[in-house]
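Before any comments, here is the structure.
FYI, the numbering just counts along the sequence from 1.
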Amino acid sequence: MRIRIIGLTAVLVFLGLGTAQAAPLANQLRQHPSPYLALHGDDPVAWQEWNAASVERARREGKLLYLSIGYFSCHWCHVMQRESYQNAQIARYLNEHVIPVKVDRELEPALDARLIEFAEKTRGMSGWPLNVFVTPDGHPLYATLYHPPGEFHKILVRIEQLWRNDRARLTALARIEAVAPQGPGKPEVNAAQARALADRVVAEALKAADSVQGGFGEQSKFPQSPQLAFLLAHHERTPDPRLKEFLLLTLDAMAVNGLQDHLGGGFFRYTVDPSWKTPHFEKMLYDNAQLARLYRDAARVFGRDDYRHIATRTLDFMLRELRAPSGAMIAAFSALDDRGVEGGYYLWSAADMERLLTHGEREVYRLHAGTIDAAPFESGYLPLRAMPVAEIAARRKQERADVEKQIVSAQDKLRATRAQRVLPRDTKELAAWNGLALAAFAEAAQATKEPRYRAAAQAIRDFLAKELWDGKALVRSRAHGKASGKVALEDYAYVTLGLTEWAVLTGEARDVALAQAVASAAWKRFYGPKGFHLEESSLLVSETGQDVLSDGAMPSPSAVLAEASLRLAWKTGDKALRRQVLAALNSGSAAISANPFWYATPVAARLRAAGIAP
């Protein structure tokens with residue numbers, strides 16, 4: 001669905017709602033199994049959950065729903081909570097005039113995707129906290145992001161007054177422009193068209209590329225793993241010096257600067273600067289799973305042992321820091337430490353280093369980690385990889401082995417001290433993200449024959465098969481032993497991917513059968529004559545369906561499901577599944593052509609279906 005906004009909003013016909021009196025709202029989030037929602041359990045805002053009861057209350061009372069969407073490790077979500085949602089005046093206004101609903105985006109991925117799309121179309125930007133006013137009939141009305149409390153209160157008052165006093169005008173301004181999906185095409189893929197689309201993805205990527213600092217764009221820098229994975233595979237098939245230069249520049253920049261945690265391993269979600277030095281300090285399972293695969297593939301393509309080492313460090317970080325007692329992987333680490341300091345867990349003051357390190361260690365480590373100039377953060381320095389060992393040895397007239405020994409000693413001391421710090425964790429065990437992790441560990445086990453990676457993959461596979469799959473349907477998440485969240489297409493797609501890679505590793509028929517059962521359920525639940533649906537049912541106005549889904553921070557769920565299903569169909573000889581997948585892939589060309597950069601994974605799936613890519 002595409003929505004054209006004129007003036008303030010986008011929305012619907014809404015007439016004749018009553019204003020029946022009801023019991024005052026109370027905050028429903030205390031002791032919620034979602035760590036993020038539980039954080040808001042003591043807010044004076046009477047937060048409700050996103051469910052039919054909240055929507056029905058909005059209809060009964062004639063009020064707008066106010067959906068505030070965030071996640072546990074989001075820095076600005078914490079800031080807005082502290083400034084606005086714990087502000088008594090703002091809380092009273094929300095409680096009186098709207099139905100306030102708090103949403104963990106990781107438990108409602110389809111809802112989050114719909115409203116992110118709405119924000120991008122109506123504001124030209126999106127992000128979290130994402131705050132959307134929704135009519136009682138389920139139409140998004142107005143989206144906004146973080147605002148300081150004074151500005152936020154003015155927005156609340158203005159929207160509520162417009163809704164109360166001029167609903168007819170808002171309704172007249174609303175324009176809903178539904179774009180009917182094509183639905184399944186012929187069960188075939190045009191190889192020439194797939195090649196042409198691949199060339200356009202490459203051209204658009206090079207146009208958006210930062211040729212000086214790597215990555216895409218000129219402000220914040222995200223890994224954008226789906227696009228990088230596509231470009232790497234394209235270069236492997238058809239060597240291109242421009243792609244090679246860009247890929248090496250980007251992979252090196254992400255590896256040596258602030259996106260990677262050089263003491264503990266793993267990657268942060270993104271950096272707020274174009275030079276990759278200043279991270280937003282949250283760490284997410286899905287980023288690390290994708291980047292471990294990316295660097296392992298890059299090590300093979302470019303013959304770079306350092307990339308292989310980064311892939312290993314990332315997988316070992318996941319094993320050490322993200323593994324739950326269940327054997328699954330938890331979702332994320334917070335950007336804030338237990339004192340509420342952004343990045344405080346990772347940062348070091350000059351006094352810290354003087355106290356912990358010997359003079360020699362300190363002088364060497366300052367050069368190696370780039371902690372020479374004034375500290376860039378209020379709480380100190382973030383260690384980088386600023387100067388190579390050989391250069392430090394030459395500058396200080398030391399033996400290289402001595403320099404390496406001092407660096408290792410300094411890092412060990414800092415790690416030991418950091419282990420005493422407290423970093424809040426989001427302990428949800430999400431189906432989709434564990435599917436990506438399973439794929440990463442299964443592929444690594446296949447390539448390296450490392451027993452620890454096979455054991456990790458086995459544990460994740462068993463968790464998915466026994467805890468989140470009942471033989472017919474998946475569960476979105478478990479938190480504190482309780483099922484939570486609303487299962488979505490992405491859960492089925494990424495779990496199918498992970499189980500398929502596991503079946504490749506084991507070669508066992510029962511593992512192929514499990515992967516195929518999940519894939520078959522996905523096609524039945526989320527695909528039909530109107531294309532793909534992100535979820536089976538929605539409290540928002542029903543979507544028209546989409547022929548193809550774009551890449552985001554994670555690869556396109558429709559393309560991942562299609563590609564994994566093709567592999568399974570080839571393995572089992574399931575001709576009906578193959579025809580269905582090909583028909584789905586042979587649809588959505590107009591959407592891809594309009595913005596090929598954001599459809600890298602769907603284009604890759606077409607190439608493989610056409611026999612162009614392995």
Applying ring pair (Phe, Tyr, Trp, His ring centres under 6.0 Å) between Tyr492 and each of Tyr527, Trp523, Phe526, report the one that passes.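 Only one of Tyr527, Trp523, Phe526 forms a ring pair (Phe, Tyr, Trp, His ring centres under 6.0 Å) with Tyr492, namely Phe526.
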Let me know which of Trp433, Tyr36, Trp128 forms a ring pair (Phe, Tyr, Trp, His ring centres under 6.0 Å) with Tyr71.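 Of the listed options, the one satisfying the test is Trp128.
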Donor-acceptor pair, side chain of [X] and main chain of [Y], under 3.5 angstrom:
| X | Y | result |
| --- | --- | --- |
| Tyr494 | Ala439 | no |
| Lys102 | Ala46 | no |
| Arg59 | Pro136 | yes |
| Gln290 | Tyr286 | yes |
| Asp551 | Thr601 | yes |
| Asp547 | Gly531 | no |
| Ser587 | Gly183 | yes |
| Asp112 | Glu108 | no |
| Ser334 | Pro424 | no |
| Asp43 | Gln86 | no |

Can you name the closest pair of heavy atoms from [X] and [Y] and give their distance?
| X | Y | value |
| --- | --- | --- |
| Leu423 | Asp337 | CD1-CA, 4.3 Å |
| Pro100 | Leu25 | CD-CD1, 3.8 Å |
| Leu549 | Ser556 | O-OG, 2.6 Å |
| His147 | Glu83 | O-OE1, 4.4 Å |
| Tyr599 | Ala591 | CE1-O, 3.5 Å |
| Asp491 | Ala431 | OD1-CB, 3.6 Å |

Measure from NZ or CZ of Lys283 to the centre of the six-membered ring of Phe333 and say whether it is under 6.0 Å with the direction within 45° of the ring axis.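 No, Lys283 does not sit over the ring of Phe333.
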Pairing donors with acceptors under 3.5 angstrom, does anything connect the side chains of [X] and [Y]?
| X | Y | result |
| --- | --- | --- |
| Tyr66 | Asn131 | yes |
| Glu342 | His280 | yes |
| Ser54 | Asn51 | yes |
| Thr122 | Tyr142 | no |
| His32 | Glu49 | yes |

Salt-bridge present ([X], [Y]; N to O < 4.0 Å):
| X | Y | result |
| --- | --- | --- |
| Lys428 | Asp104 | yes |
| Glu96 | Arg92 | no |
| Glu490 | Arg476 | yes |
| Glu429 | Arg478 | no |

Before giving the answer on ring-ring contact (aromatic ring centres under 6.0 Å, His included), spell out for Phe268 and Tyr346 the whole-Å C-alpha distance, their side-chain angles and the decisive distance to 0.1 Å. CA-CA 11 Å; Phe268 300 110; Tyr346 303 99; 4.9 Å; yes
With heavy-atom distances below 4.5 Å as the criterion, would you say the side chains of [X] and [Y] are in contact?
| X | Y | value |
| --- | --- | --- |
| Pro279 | Leu382 | yes |
| Val98 | Leu65 | no |
| Ile90 | Leu94 | yes |
| Gln516 | Ser520 | yes |
| Val134 | Leu64 | no |
| Leu259 | Pro223 | yes |
| His97 | Lys63 | no |
| Pro140 | Leu115 | yes |

[X] side, atom [atom1]; [Y] side, atom [atom2] - distance, nearest 0.5 Å:
| X | Y | atom1 | atom2 | result |
| --- | --- | --- | --- | --- |
| Lys486 | Leu534 | NZ | CG | 11.0 Å |
| Thr314 | Gln260 | OG1 | CD | 6.0 Å |
| Glu106 | Ser34 | CD | OG | 8.0 Å |
| Ile69 | Cys77 | CD1 | SG | 10.0 Å |
| Thr271 | Phe281 | OG1 | CZ | 10.5 Å |
| Asp462 | Ser326 | CG | OG | 10.5 Å |

Verdict with reasoning, Leu336 to His75, per side-chain contact (heavy atoms from CB on, under 4.5 Å): CA-CA 7 Å; Leu336 309 181; His75 168 67; 3.4 Å; yes
Partners meeting ring-ring contact (aromatic ring centres under 6.0 Å, His included) with His153 (sequence neighbours left out):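 Tyr93.
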Please list all pairs meeting side-chain hydrogen bond (donor to acceptor under 3.5 Å, both in side chains) that have one or both residues in residues 466-475, counting only residues at least two apart or in different chains.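 The answer is none; no pair qualifies.
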Given the side-chain rings of Phe216 and Phe597, with only the six-membered ring counted for Trp, is the space between their centroids under 6.0 Å?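 That pair passes the under 6.0 Å test.
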Can the ring centroids of Trp163 and Phe133 be said to lie less than 6.0 angstrom from one another?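 Between Trp163 and Phe133, the centre distance exceeds or equals 6.0 Å.
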Begin from the C-alpha positions of Tyr146 and Val79 and carry the test side-chain contact (heavy atoms from CB on, under 4.5 Å) through to its verdict. CA-CA 9 Å; Tyr146 165 80; Val79 173; 3.8 Å; yes
For side-chain contact (heavy atoms from CB on, under 4.5 Å), just list the numbers for Ser68 and Val101, CA-CA rounded to whole Å, side-chain angles, deciding distance to a tenth of an Å, and then say yes or no. CA-CA 6 Å; Ser68 177; Val101 176; over 6 Å; no
Trace of the side-chain contact (heavy atoms from CB on, under 4.5 Å) decision for Phe118 with Arg123: CA-CA 8 Å; Phe118 174 77; Arg123 299 188 62 85; over 6 Å; no
Considering residues, nucleotides and ligands other than Glu378, do more than 12 of their heavy atoms fall under 6.0 Å from its CD?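 No, because the 6.0 Å sphere around CD of Glu378 holds 12 heavy atoms or fewer from other groups.
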